[in-house]
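These notes concern the structure reproduced below.
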Number of protein chains: 2
Amino acid sequence: MPSSARTADHTAEAFRRTLRAHGLKATPARIAVLTALARAPRPMSAQAVMDALPRNADQATVYRTFRTLKEKGVIRQIDLRHNHAHYEIAGAEEHHHLVCLQCGRVEDVDRCWIEDMQPAVLRRAKHFARITQHALEFYGICRSCAARERPSPRSTAKGSDIPLPSY
Amino acid sequence: MPSSARTADHTAEAFRRTLRAHGLKATPARIAVLTALARAPRPMSAQAVMDALPRNADQATVYRTFRTLKEKGVIRQIDLRHNHAHYEIAGAEEHHHLVCLQCGRVEDVDRCWIEDMQPAVLRRAKHFARITQHALEFYGICRSCAARERPSPRSTAKGSDIPLPSY
DNA sequence: AAATTATTTGCAAGTAATTCGCATTTAGGA
DNA sequence: TCCTAAATGCGAATTACTTGCAAATAATTT
């Protein structure tokens, strides 16, 4: 067996099956994006993915792929405070990240503690001198949205997809 | 004593003192931004703050104010997955947020649990039907950056402030 | 209270990240 | 192999945020 970092089958064939299982077409572009994410040791930016791709696949495709796979839960969006989104393959064991606000270095935190645990997290970290902040957000669906659930999955062609409150 | 939500003095005078304590000029724009954030029940976007401001203060000023106050730790940046940053006054007791991926509704989570605690979090929530994801990131300074600490706080005038690794 | 100066602001233009419209291509079922 | 919905590629558009610089101003000094 290969020495892949996280236990998971990250072959093109496996991705093909995953895509099909979600009712998505297994296109070369999507497989290439997933392969790039799987190879990278850290969450990747759109730019990094585009650079990693052989030749084809332009921005729009990469961004659309991110959105689609994120909606299906195949990949996960990460906010590293770099002024642009990062993505990683989901499904791996829960983990978080240590992000250096100065140089952008990212390191995995493989267990889930908060606040009082920060000294311990820091001790386990390989490359960090101190932790100054952390952010935790929960995402889900609120009651009113759940109530009018699935008004028409495909009707969202034009309008901005999220009706935001004023802030 | 007034019935302000979070225990803290959010008067213009208090903000003036806070600013001065951080070596910043207590300008009307800054006090207005802080006042807007203090009044809002949720983290605010730059747009929301600009709309809330009497008349003056343009984008550049608001964004610059965010950056300055964030660096001083007076306000905190929140990623609500709305495609733009949100900010809230820092210093209040630790809390997190519940964000509806469909309508953007935001609700505070006033205690800090994760994962296995999600059913309990959901039960305590007022407006949520389900939680599907959560994100936790730690921010700090890595060893190499700590090593070359404070090369010259003011010399970062032009270059992009964070030398990013390739992704 | 007026002078002084480093900060901060406002404006207008600029840049980076992400999205959209639409014609063309393609994956995968019939 | 044909067919059709889904996906791509291209260019243009939009959004979020930043920057350069001259004018304004907070707070210190006199």
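Below, chain A is the first sequence line, B the second, and so on; all start at residue 1.
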Any side-chain heavy-atom pair of A:T65 and A:L34 under 4.5 Å: no
What integer distance in Å separates A:R67:CZ from C:dT18:C1'? 9 Å
Distance, nearest 0.5 Å, that separates CG of B:L37 from CZ of B:R76: 12.0 Å
Separation of atom CZ in A:R17 from atom P in C:dG28, rounded to whole Å: 14 Å
Whole-Å distance between D:dC17 C1' and B:Y87 OH? 9 Å
Taking salt bridge (charged side-chain N to carboxylate O under 4.0 Å, His left out) as the cut-off, I'd like each qualifying pair that reaches into residues 20-31 of chain B, sequence neighbours left out, listed once. none
Using atom NE2 of B:H22 as one end and atom P of C:dT7 as the other, report the distance to the nearest whole Å. 17 Å
Where at least one partner belongs to residues 15-48 of chain B, residue pairs that pass ring-ring contact (aromatic ring centres under 6.0 Å, His included), sequence neighbours excluded: B:H10-B:F15
Between C:dT18 atom P and A:M44 atom CE, what is the distance in whole Å? 14 Å
Flag the pair A:L19 / A:V74 as yes when at least one side-chain heavy-atom distance between them is below 4.5 Å, and no otherwise. no
CD of B:E71 versus P of D:dT18: gap in Å, rounded? 11 Å
What's the CG-P distance between B:D58 and D:dA16, to the nearest Å? 16 Å
Give one of base, sugar-phosphate or nothing for B:Q59, where a contact means two heavy atoms less than 4.0 Å apart. base
So do A:L69 and A:Y87 actually touch side chain to side chain, heavy atoms under 4.5 Å? no
Between B:A46 and A:T65, name the one whose nearest nucleotide on DNA chain D is closer to the 5' end. A:T65
In this structure, how many angstroms lie between the C1' atom of D:dC10 and the CE atom of A:M50, rounded? 14 Å
Using a cut-off of 4.0 Å on non-hydrogen atoms, how would the nucleic acid contact of A:R64 be classed: base, sugar-phosphate, or nothing? base
Nearest heavy atom decides the nucleotide; on that basis, is A:L24 or B:A60 closer to the 5' end of DNA chain D? A:L24
Show me the protein contacts with nucleotides 25-27 of chain C, counting only N or O atoms at under 3.5 Å.
unit_1	atom_1	unit_2	atom_2	d
C:dA27	N3	A:K25	NZ	3.1

Need one value for A:A29: base, sugar-phosphate or nothing, where a base atom within 4.0 Å counts as base even if backbone is also close, heavy atoms only. sugar-phosphate
Under-4.0 Å side-chain N/O to phosphate OP1/OP2 contact, B:Y63 with D:dC17: yes
Side chain of A:H84 only, please: which of C:dA17, C:dT9, D:dT8 is the nearest? C:dA17
Flag side-chain contact, heavy atom, 4.5 Å: B:I75 against B:V33: no
